[in-house]
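Just so we're on the same page: letters track the sequence lines, and every chain starts at 1.
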Amino acid sequence: MKTKQRILIVEDERNIASFISTILIANQYEVLIGMSASDALMKITSQCPDLILLDLGLPDADGMNIIKSVREWSHTPIIVVSARERERDKVAALDMGADDYVTKPFGTSELLARVRAALRHAENSQGSAAGLTATGIFECGALVIDFDKRRITVGGQEAHLTQIEFKLVALLARYPGRVLTYDYLITHIWGPHVKGDNQILRVNMANIRRKLEENPAQPKYLLTEMGVGYRMADMDPGMEEPS
Amino acid sequence: MPLKRREWFSFSLRDTLVTLLLLLGASLLCFLLQIENATDSYAFMVFLLAVFLISRFTYGYFYGTCSAFISVLATNFFFTYPYRNFNFTLPGYPLTVLCMLAVAMIMGAVTSRVKQAEQTRLDVEKERTRGNLLRAVSHDLRTPLTSILGASSAIIENDGVLSREERLKLLSEVKEDAEWLIRMVENLLTVTRMDVSASVKLHKEPEAVEELLADTLQKFGKRFPDWAVRVTIPGELLLVPMDAMLIEQVLINLLENGVLHAKGATLLAVSVHLGPGQAVFEVMDNGAGIPPERLETLFQGVSSRDEMEPGDQHRNMGIGLSVCAAIIQAHHGTLTARNNPAGGATFQFTLPLEVSP
């Protein structure tokens, strides 16, 4: 029997923790609950969960401190749960080391998709060598990316991307289903000194969308997370819709 | 209520300009009169008038009092014998000074009272609007809450009796009501943000219109998966300065209104095109259109009891639209509604391409 993956829910609202845990258990995960930052940190160190669902609005501490602490010694995937207005908090959390986010109120399918994607990426990065470049073929719907040959085709037609554009798509495709912040993308493509100006990223993304998407305003593959970053649609066969 | 101490000395560019202008005007007039005739008696009156006007049109006591002193000195030096010289031993001189000062003080106090009354009137107006809003909201919140309570109780209390379909139907209604409540709360939160000050502090950044639409439609699609929305954007990348979260809210409110209130609508469409110095957004439906008598007051939200027709549209779309209006206004854009010749309604809003300071 396959060992269940263990998820720690750090949430002080009882009803929310309850429905999340119900859903996760129903989907074959093992669940732990921490109701405060100190409780959470204790459980993280003693029980080593495979994934942490962290509510940013905890009473006794800033969720950011938990992220910082955990990141000092572990790559355990962290998904932050935050309220709608706190966009800057989300971005800060992601840049601090969180892997993804869900905004309250959220539907369970969205949560499950994020959890699956995060766990999958954690597995992959443990398996592969510490290579920063992806290899092989990535498929999502009609989009096919061949990392080795550096070719992208949509529905069989080859798309002609510039070097930068290819790098961007390749980076996003390395983490399908997971959001990558503007800062992360800019730093990894242009280097750490171009911060503060998203324009160059936006222009490149717009050009890419025009080359790959049928309708740039209703993208199937390169999804926008306003104020946060971009996300490559998940090829997870369990989803009805790329999320 | 008399001015508070710190208000005695309030400085502003406008007030300084007003003061200087009036004093110069008075001086000019006196100089002209001097050419004609000796101004010994005129000068005092002209400057008294100047002091009166300055105290009336500036805020606080500072400008009025200052100009009183300046006026006294000016009349003495320039316009009374001996000319171009000070003479403080003129008969009745202390009385002159006192007169000017008194005028300045009294007018200063009158002006502040007028301003205070105006402020109070605005505050009362604001309170009344807020009162109406709260009333409308409470009314609107009760309905979905009633149905949520009812449906969930029905499921719990009739556990063995309900069929699976019946249960799922009730539960999906609960979900629908909860989703509607979420939108309402989001609109309310925006209203409170707008309320804090007349000039809302928006977090404006240049955003790509296509990304805004993509994100908006993604969110809309999660809630209304059965509705296809036709999207039209310009071929070129269009960046518009805006507070993305708020504009997204406008779009979602308009789309949701199309779904919930456009009778008989089967299609929704969103389009963006470039206008002169602005981006023009349109949300269209092919429903029954808006009754012409409502077009006038559509965006004023809930200003009077009579607007809330009992029974009809218990989900008041007024709040959503007034939030849209407030957001667009804060962006210095325009929001209008019209009925399409072919049927249905179009809501159009514009956003300036240049950020105005």
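Only the side chain of Leu239(B) comes within less than 4.5 Å of a heavy atom of chain A; its backbone N, CA, C and O stay farther away. For Glu179(B), no part sits under 4.5 Å from any heavy atom of chain A, backbone or side chain. Heavy atoms closer than 4.5 Å to chain A are found in the side chain of Ile182(B), but not in its backbone. For Lys175(B), no part sits under 4.5 Å from any heavy atom of chain A, backbone or side chain.
Within a 6.0 Å sphere centred on CZ of Arg223(B), heavy atoms belonging to other residues, nucleotides or ligands number more than 12. Applying the 6.0 Å contact sphere to CD of Glu236(B) captures no more than 12 heavy atoms from other residues, nucleotides or ligands. Residue Gln278(B) qualifies as enclosed at atom CD: its count of foreign heavy atoms under 6.0 Å is above 12.
Within residues 224-233 of chain B, the residues having any heavy atom closer than 4.5 Å to a heavy atom of chain A are Val229(B), Val231(B), Ile233(B), listed by residue number. Interface residues of residues 202-218 of chain A toward chain B, defined by a heavy-atom distance below 4.5 Å and sorted by number: Arg202(A), Val203(A), Met205(A), Ala206(A), Arg209(A), Arg210(A), Asn215(A), Pro216(A), Ala217(A), Gln218(A).
Heavy-atom minimum distance, Gln218(B) versus Leu223(A): OE1-CB, 4.3 Å.
Taking CD from Glu248(B) and CE from Met226(A), the interatomic distance works out to 6.0 Å, rounded to the nearest 0.5 Å.
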